[in-house]
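Here's the structure we're looking at; comments come further down.
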Amino acid sequence: MENAETAFAKTEPIRLRLFDWWSRYARDLPWRFGRTTPWGVLVSEVMSQQTQMSRVVPYWTAWMKIWPDAASLAAAPKAEVITAWGRLGYPRRALRLQECAQQVAGQYADRLPRDYDQLVALPGIGDYTASAVMSFAYGERIAVIDTNIRRVLSRVFLGHESTGGAASREERQLAWQVLPEDGGPEDIGAEDSGVQEDGGSGRLGLADPKVRLAAWREPPSARWNQAVMELGATVCIARKPACDICPLAGHCRFLKDGLPGLGAGRTRPRQRFAGTDRQVRGAILQALRQASGAPVPRKDLKPLCKDEIRLDRCIASLDEDGLLEIGQDGSLSLPR
DNA sequence: CTCCTGCTGG
DNA sequence: CCAGCGGGAG
């Protein structure tokens, strides 16, 4: 693609501006800047799938205090895992994360693999999460592709909105094309920098407020990935990008061209939520959490959903997902 | 109404 | 490739 050809030449001034912006405005999230283990990074990524990071922070902090590593999570009762997931949403993620923990504990001696293919083979870990762990936790040079990065790169370098659906081959090519090279003499590598190794007893996920950005140095590719994503999350947002405060405003082809088709080509339309099975499923699960693991008679759930057919369908789907158990008497409870 | 660091099974 | 999956905040 001819655009990617010229894209890399434009990256240096963009990188300088973006890194400066990152050093000033990066959110001080507790799993950033070398304050947690690769496992802690993975937990943060899974929790952040389709969920705002600001909502994730308290859940992540509590979770990592209870289960600081894969082995401890692997041994936990499911009911406790589902309860600790709280109202983060998509609770199947919690069970997959525990399955993931069991595989990491059992197959990899409680050390998260530093290998994309091994990561992406784990439950609940797709291309994005595997790439994010490789980049953010291990400092490996790999293009991270999520909706934010796709939107930002497409706007800045191609001048148009990213397409809906899965990432195209061109989008992946662009992400690799503009990804900074690592390994320069001033680039502190993963080995001797703070890019963390597993097993440190002092970094079990509780953020040390004294550890600041200034003491942390990651490879340029990892910083690039995080900074592009951060820009997409806080400035270069989908509908109303804040171009007036954007550090890349002077280098953005999309802005120069007058924001053509702003908001078009977006991802697939969101599903409605009110009155859907998802809402009912959430209400059922919340009721079971509040029962503290004790069985709940089915009739007690009737107020949650007037439609009995829907209620039964949701109970059945939660059962299939392994998110609840149905007793002999038909009562419901969180699984063991 | 919109959006949000996706992943999985059909 | 598509539908389904939570919930909160703007």
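Proteins get letters first, then strands, A, B, ... in listed order; numbering begins at 1 in each.
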Please compare A/Ala166 and A/Gly282 by the position of their nearest nucleotide in DNA chain C and report the one closer to 5'.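 Whichever sits nearer the 5' end wins; that is A/Ala166.
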
Per nearest nucleotide of DNA chain C, the residue lying toward the 5' end, A/Ser317 or A/Ser54, is A/Ser317

Touch class at under 4.0 angstrom, heavy-atom based, for [X] against every strand present:
X: A/Thr129; value: sugar-phosphate
X: A/Ile125; value: sugar-phosphate
X: A/Asp127; value: sugar-phosphate
X: A/Arg87; value: sugar-phosphate
X: A/Glu230; value: nothing

Atom-to-atom span, [atom1] of [X] to [atom2] of [N] - whole angstrom:
X: A/Asp277; N: C/dG7; atom1: CG; atom2: C1'; value: 16 Å
X: A/Asp319; N: C/dC5; atom1: CG; atom2: P; value: 15 Å
X: A/Leu88; N: B/dC7; atom1: CG; atom2: P; value: 16 Å
X: A/Arg92; N: C/dC5; atom1: CZ; atom2: P; value: 7 Å
X: A/Leu97; N: B/dG6; atom1: CG; atom2: P; value: 16 Å
X: A/Tyr90; N: B/dT8; atom1: OH; atom2: P; value: 14 Å
X: A/Leu285; N: C/dG7; atom1: CG; atom2: P; value: 8 Å
X: A/Arg278; N: C/dG6; atom1: CZ; atom2: P; value: 7 Å

Which one, [options], comes nearest to the side chain of [X]?
X: A/Thr147; options: B/dC3, C/dG6, B/dG6; value: B/dG6
X: A/Ala238; options: B/dC4, B/dG6, C/dG7; value: B/dC4
X: A/Arg239; options: B/dC7, C/dG6, B/dC3; value: B/dC3

Tell me whether the OP1 or OP2 atom of [N] has a side-chain N or O from [X] closer than 4.0 Å.
X: A/Gln52; N: B/dC4; value: no
X: A/Arg281; N: C/dG6; value: yes
X: A/Arg151; N: B/dC4; value: yes

Could you list the donor-acceptor pairs under 3.5 angstrom formed between side-chain atoms of residues 119-126 of chain A and any protein atom two or more places apart in sequence or on another chain?
none

Is A/Arg223 close enough and on-axis enough to A/Phe19, meaning under 6.0 Å and within 45°, for cation-pi?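 Judged by the rule, A/Arg223 and A/Phe19 form a cation-pi pair.
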
If you go through the side-chain atoms of A/Ser48, does one of them form a donor-acceptor pair with the base of B/dG6 closer than 3.5 Å? no

Ignoring hydrogens and angles, are the base of C/dG6 and the side chain of A/Gln279 linked by a donor-acceptor pair under 3.5 Å?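 When only heavy-atom distances are counted, A/Gln279 does not reach the base of C/dG6 through any donor-acceptor pair under 3.5 Å.
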
Any side-chain donor-acceptor pair under 3.5 Å between A/Arg93 and A/Thr51?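 Checked: A/Arg93/A/Thr51 side chains pair up, N/O donor to acceptor below 3.5 Å.
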
Atom OH of A/Tyr25 and atom OG1 of A/Thr234: how far apart are they, to the nearest 0.5 Å?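 It comes to 10.5 Å.
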
For A/Glu161, is there an ion pair with A/Arg151 - N to carboxylate O distance below 4.0 angstrom?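 The answer is no: the pair does not qualify as a salt bridge.
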
One thing to verify: whether A/Glu325 and A/Arg336 come together as a salt bridge, which I'm taking to mean a side-chain N less than 4.0 angstrom from a carboxylate O.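 No, A/Arg336 and A/Glu325 are not salt-bridged.
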
Heavy-atom nearest nucleotide on DNA chain B for A/Leu122 versus A/Arg32: which residue maps closer to 5'?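 Counting from the 5' end, the first nearest nucleotide belongs to A/Arg32.
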
Residue whose closest nucleotide on DNA chain B lies nearer the 5' end, A/Thr51 versus A/Arg96: A/Thr51

Rounded distance in Å between the P positions of C/dG6 and B/dG9: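 15 Å, rounded to whole Å.
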
